[in-house]
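A, B, ... follow the sequence lines: proteins, then strands. Residue 1 opens every chain.
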Amino acid sequence: MNALVIDDSTAMRLILRGILQDLGFEVSVASDGLEGFEMLPQLAAKLNVILVDWNMPNMDGYAFLRQVRKDKAYRKIPVLMVTSESDIKKIQKAFAVGASEYLMKPFTAEALREKLELVGVLG
Amino acid sequence: MSLAPPNNSVTKMEFDFIRQFILERSGIALDANRMYLVESRLGPLARRRQLNGISEVVARLRAQRSGDLALAVVEAMTTNETSFFRDVHPFESLRTTLFPEIIQQKGRVDLWCAACSTGQEPYSIAMVASESFPQLLSQKKLKILATDLSTEVLEKARSGRYSQLEVNRGLPAQLLVKYFKRQGRDWHISDRLKDAIEFQQTNLLTVRVAQKMDIIFLRNVLIYFKEDNKRRVLTNIRQALRPGGYLFLGGAETILGLDAAFETVRIGRTLCYRLK
């Protein structure tokens, strides 16, 4: 299984990568939405899930998600937003443009595993 | 050496220390009203390590903030076995099979969560009903009895207030925004779901439920009882279930060999027991 983690925080990339590797994923990382989007042509064919932060420089997670959902080649990849944004309106906004699930920081490894089960990537 | 039994209650100062410690080590902020959690998690940990209660755990952490004990404390305080829609499949079986079957038979559903802990299980069931069989809630045709031995966890269950960490666990975020309101740092569940649930303190060894239930959830409870008490609990459960009613146990539990009155039924990816 393959996952792409997009987050501008080095610490968060490490945490997410560690948990995902424990769950059996091969993990690629990017530090903003633009870098992540540019990696997609290479990765998309084998990608099972994308985890993306909301607030990042260059291209934020919301803009990234909109781009991904517009593109036929990437449209079906499950995208889990992993963000400290916990406003109900923001969560609704993410779902409106096609988020598969939404996980609020801070979170536990178990919570991440359960979200991956909810989007059908695990379990 | 003191011969007095270890004291597993926690003082305000100890609680504040633990909160600060957990925050520094995990980024997780324990709510101010979670003293019971410190007692219920660190009491057993102190016992296992033969320490003299939570006071000694705290004293040792003050002396050494890293190492084996520190790790164990962080893990004990941040691991929560209870989540919404725990194990997913039992809730799926309600939606696909059992609710439709029982609604057709008698037009209403009586269900008992026999060890409801902090309430995630009964609220998940109420959400299943609201999403797929809204008439059950609007016409008050679903009654969930939710019981637990601990009055502390019941109080939390009844309040319907959950931290962000708790609503992250197993709850689809679309249901979060639909059924919860944010108040400060907590999330409050809607009164519409609460209205379907009656919370009550009970001891499963002595309980007598007058009403006959269609479905009973008794998940991950029997594992805590010894053989003879398991039988007593099952007898009480059986008396509360109508013939043809369904019993759900935890994924690793079985009643085979304990009670011949039940037959095993597979629904989708879950196993449950039907009273003959």
Side-chain angles (χ1 to χ4, degrees), chain A residues 7 9-16 18-20 22-23 49-54 61-62 65 69 78-123, chain B residues 22-31 37 41 71 74-92 120 124 127-128 131 162-190 251 268-270:
Chain A
D7 199 304
S9 150
T10 313
M12 190 47 68
R13 288 199 300 274
L14 281 173
I15 291 172
L16 285 169
I19 300 171
L20 288 165
D22 285 348
L23 292 169
V49 65
I50 300 171
L51 285 71
V52 63
D53 185 21
W54 192 305
Y62 180 73
L65 180 59
R69 290 299 181 242
V79 177
L80 170 59
M81 294 219 70
V82 185
T83 165
S84 48
E85 293 287 353
S86 59
D87 186 76
I88 286 183
K89 289 205 172 81
K90 281 270 174 83
I91 302 174
Q92 286 167 331
K93 211 173 140 184
F95 279 114
V97 295
S100 312
E101 253 305 331
Y102 197 103
L103 179 63
M104 293 176 286
K105 297 172 185 171
F107 55 88
T108 59
E110 271 297 286
L112 176 58
R113 188 183 58 75
E114 286 158 354
K115 289 286 176 181
L116 291 169
E117 283 176 2
L118 284 177
V119 300
V121 180
L122 282 180
Chain B
I22 299 297
L23 184 63
E24 283 166 16
R25 294 295 303 260
S26 70
I28 288 170
L30 297 178
D31 286 349
L37 208 60
R41 300 276 173 83
L71 272 180
V74 172
E75 193 182 303
M77 290 308 302
T78 56
T79 304
N80 183 354
E81 284 312 314
T82 306
S83 63
F84 289 92
F85 296 95
R86 185 176 176 187
D87 302 332
V88 184
H89 306 298
F91 302 94
E92 253 320 271
Q120 282 89 336
S124 299
M127 279 186 265
V128 170
E131 286 294 294
Y162 295 94
S163 70
Q164 187 168 296
L165 275 183
E166 288 166 322
V167 297
N168 258 340
R169 297 284 318 269
L171 179 63
Q174 307 233 43
L175 297 183
L176 172 71
V177 296
K178 189 166 174 185
Y179 292 109
F180 290 76
K181 281 202 179 114
R182 224 181 129 184
Q183 290 186 6
R185 289 175 46 220
D186 280 346
W187 295 80
H188 291 214
I189 204 154
S190 90
R269 291 178 64 181
T270 196

Original post:
Can you check whether Ala173(B)'s main-chain N or O pairs, donor with acceptor, with Glu101(A)'s side chain at less than 3.5 Å?
Top reply: yes

Original post:
Which pair of heavy atoms, one from Gly170(B) and one from Glu114(A), lies closest together, and at what distance?
Top reply: N-OE1, 3.1 Å

Original post:
Between CD of Glu110(A) and CG of Asn168(B), what distance do you get to the nearest 0.5 Å?
Top reply: 12.5 Å

Original post:
Where do Ile88(A) and Trp187(B) come nearest, in terms of heavy atoms and distance?
Top reply: CG1-CZ3, 3.5 Å

Original post:
Taking atom CD1 of Ile91(A) and atom NZ of Lys178(B), what is their separation to the nearest 0.5 Å?
Top reply: 15.0 Å

Original post:
Which atoms of Tyr102(A) come close to chain B, meaning under 4.5 Å heavy atom to heavy atom: side chain ones, backbone ones, both, or neither?
Top reply: both

Subject >> Contact summary for Gln164(B) and Ser86(A), nearest pair of heavy atoms >> reply: OE1-CB, 3.4 Å

**OP:** Applying side-chain contact (heavy atoms from CB on, under 4.5 Å), run through Val167(B) and Met104(A) and close with a yes or a no.
**Re:** CA-CA 9 Å; Val167(B) 297; Met104(A) 293 176 286; 3.8 Å; yes

**OP:** Please round to the nearest 0.5 Å and tell me the distance separating atom CG of Leu112(A) and atom CZ of Arg169(B).
**Re:** 11.0 Å

Original post:
chain B heavy atoms under 4.5 Å from Leu118(A): which part of the residue, side chain, backbone, both or neither?
Top reply: side chain

Original post:
Pairs in or reaching into residues 86-96 of chain A: which pass salt bridge (charged side-chain N to carboxylate O under 4.0 Å, His left out), with residues at least two apart or in two chains?
Top reply: Glu85(A)-Lys90(A)

Original post:
With a 4.5 angstrom heavy-atom cut-off, which part of Leu171(B) approaches chain A: side chain, backbone, both or neither?
Top reply: backbone

**OP:** Give, as side chain, backbone, both or neither, the part of Phe85(B) having an atom under 4.5 angstrom from any heavy atom of chain A.
**Re:** neither

